[in-house]
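Worksheet: the structure to be examined is printed underneath.
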Amino acid sequence: MTAETVERRAVLIAGPTASGKSALALAIAERCDGVVINADSMQVYRELRILTARPSPEDEARAPHRLYGHVDGSDGYTVARYIQDLERTLDETAGRPAVIVGGTGLYFNAMTQGLSDVPPIDEKVRAFWRERARSISPAALHRELAVVDPTLHGRLHPNDTQRVLRALEVADSTGRPLSEWQEKRSRPAIPGAGLARVVMAPARDWLHARIDERFRAMVASGGLDEAAAFAALGLDPVLPVMKAIGLPEMMAAARGDVPITEAVEAAITATRQYAKRQETWFRNQMPEWPRLDPEASRHFLAVVDDIAQRMK
RNA sequence: GCCUGAGUAGCUCAGUUGGUAGAGCAUGCGACUGAAAAUCGUAGUGUCGGUGGUUCAAUUCCGCCCUCAGGCA
């Protein structure tokens with residue numbers, strides 16, 4: 001067995017937004033001298049601390065935190081970059097337990113099961129297909145996929161333009177269909193066996209109440225100003241950051257386009273819908289991960305102690 | 001008190017020349033390999049305000065009642 005295959009001590013904590021996973025991560029990290037590492041696609045952006053519910057400076061003082069707010073909003077972040085960042089961070093923090101926490105199911109899949117080694121897409125090719133997607137119908141775009149990647153043509157819905165576009169880009173840029181690339185995955189950053197893993201699994205009603213409460217607290221603590229300051233940057237509306245839940249709603253309210261109460265309701269609804277999508281992912285993509293109901297506080301503490309012990 | 005309008009899905013509303021109804025949003029369920037807080041698919045739901053009448057049949061027509069909005073007093 002080479003040094004490469006020796007498993008890193010790590011806890012993986014997934015869960016829907018507002019389910020209390022950051023608190024669990026921090027409690028565990030404090031007890032085992034661990035490093036909290038982000039696994040959330042939006043908390044990486046520097047400009048949005050409040051609206052993405054990033055850990056506060058006080059929280060960050062209690063244990064080292066990594067991969068939070070380390071990306072500029074003008075950058076387009078991707079799973080591939082995340083995996084690179086994660087691998088580098090794991091190297092840099094070797095020797096201490098890693099407490100990886102977040103809500104992005106795709107990132108957990110990529111870190112435990114690997115990602116296909118698709119080469120970077122030629123920018124000209126990418127621009128060509130994005131333009132083409134604007135000029136022809138989704139059905140027509142999907143038809144073009146039939147020629148270069150029949151497998152994905154059959155698997156993707158014609159309206160799923162984002163995936164159809166990716167498949168077309170890859171085939172065009174690499175000369176091989178994406179479905180072929182996807183048959184092989186790279187070695188995972190965190191091989192799954194032997195890790196401590198947990199999925200936060202709160203009751204739906206409890207989560208909804210928390211989401212409601214938390215979003216109102218965000219607004220009360222400056223969420224609107226954060227959105228206004230962000231809008232002042234004048235960034236390209238197609239950037240991934242722009243899709244942060246609550247950001248478009250709060251920018252509209254800051255502009256005076258919609259009443260604040262309406263914007264808050266819209267943001268809360270969007271957050272609930274997101275939580276539902278996350279739960280679907282966790283339920284079906286990671287069915288074997290142990291569940292933890294944050295309401296069962298005695299159990300919660302026992303889990304913290306148990307995991308912290310195993311990490312030492 | 002009178003006149004007019006409205007009462008249909010959780011919400012906003014459409015509709016039925018009389019044969020028990022439908023969109024959008026919300027909600028549930030699902031898919032997911034470099035935008036994933038993204039992108040996409042799919043499925044419910046109804047005493048058609050109440051009550052009497054006409055009719056083979058009333059959410060639809062008629063009477064009365066209730067509620068809401070506007071106008072007149």
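In what follows, every chain begins at residue 1, and chains take the letters A, B, ... in the order their sequences are listed.
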5' precedence on RNA chain B between A:Ser41 and A:His157 (nearest-nucleotide basis) | A:Ser41
Reckon A:Asn284 touches a base, only the sugar-phosphate, or nothing at all at heavy-atom distances under 4.0 Å?
-> sugar-phosphate
Touch class at under 4.0 angstrom, heavy-atom based, for A:Val118 against every strand present | base
Side-chain N or O of A:Asn159 closer than 4.0 Å to phosphate OP1/OP2 of B:U39 | no
Side chain of A:Lys243 (C-beta onward), nearest among B:U33, B:C40, B:A37 | B:A37
Among B:G34, B:C40, B:A37, find the nucleotide with the atom closest to the side chain of A:Ala80.
-> B:G34
NA contact type, A:Arg185, heavy-atom cut-off 4.0 Å: base, sugar-phosphate, or nothing?
-> base
With a non-hydrogen cut-off below 4.0 angstrom, is A:Gln285 in contact with a base, only sugar-phosphate, or nothing?
-> base
A:Ser116 OG to A:Glu180 CD distance, which is reported to the nearest 0.5 Å = 11.5 Å
Indicate, with a heavy-atom threshold strictly under 4.0 Å, whether A:Leu51 touches base, sugar-phosphate, or nothing.
-> base
Between the main-chain N or O of A:Glu226 and the side-chain N or O of A:Arg49, is there a donor-acceptor pair closer than 3.5 Å?
-> no
Please find out if less than 6.0 Å separates the ring center of A:Phe108 from that of A:Trp281.
-> no
Remember a base hit wins even if backbone is also touched, and classify A:Trp181 as base, sugar-phosphate or nothing at under 4.0 Å, heavy atoms.
-> nothing
Would you list the protein and nucleotides 24-28 of chain B atom pairs, both N or O, that sit under 3.5 Å from each other?
| from | atom 1 | to | atom 2 | distance (Å) |
| --- | --- | --- | --- | --- |
| B:A26 | OP1 | A:Gln273 | NE2 | 3.1 |
| B:U27 | OP2 | A:Gln273 | NE2 | 2.6 |
| B:G28 | OP1 | A:Arg204 | NH1 | 2.5 |

When all nucleic acid strands are considered with a 4.0 Å heavy-atom cut-off, which category describes A:Asp75: base, sugar-phosphate, or nothing?
-> nothing
Ignoring hydrogens and angles, state whether a donor on the side chain of A:Tyr45 or A:Asp75 is under 3.5 Å from an acceptor on the partner side chain.
-> no
Within the structure shown, what part of the strands sits under 4.0 Å from A:Gly103 by heavy-atom distance: base, sugar-phosphate, or nothing?
-> sugar-phosphate
Verify, without hydrogens or angle tests, whether A:Glu47 (side chain) and A:Gly73 (backbone) share a donor-acceptor contact under 3.5 angstrom.
-> yes
Mind checking the C1' distance from B:U54 to B:C62? Whole angstroms is fine.
-> 8 Å
Are A:Arg54 and A:Asp40 ion-paired here, with the side-chain N under 4.0 Å from a carboxylate O?
-> no
Measure from the side-chain heavy atoms of A:Arg283 and tell me the nearest of B:C29, B:A35, B:C40.
-> B:C29
Closest listed nucleotide, where the reference is the side chain of A:Tyr274 and the choices are B:A35, B:U33, B:A37 | B:A37
Just compare B:A37, B:G30, B:C40 and give me whichever is closest to any side-chain atom of A:Thr280.
-> B:G30
For A:Ser116, answer base if it contacts any base atom (sugar-phosphate contacts may also be present), sugar-phosphate if it contacts only those atoms, and nothing otherwise; contact means non-hydrogen atoms under 4.0 Å.
-> base
So what does A:Tyr77 hit on the nucleic acid, given a heavy-atom distance under 4.0 Å: a base, only sugar-phosphate, or nothing?
-> sugar-phosphate
With a non-hydrogen cut-off below 4.0 angstrom, is A:Arg166 in contact with a base, only sugar-phosphate, or nothing?
-> base
Quick one: salt bridge (Lys or Arg N to Asp or Glu O under 4.0 Å) pairs with a partner in residues 135-151 of chain A, sequence neighbours left out?
-> A:Arg132-A:Glu144
Select one nucleotide: of B:A37, B:A35, B:U39, the one nearest the side-chain heavy atoms of A:Arg163.
-> B:U39
Could I get the full list of side-chain contact (heavy atoms from CB on, under 4.5 Å) partners for A:Glu123, not counting sequence neighbours?
-> A:Arg126
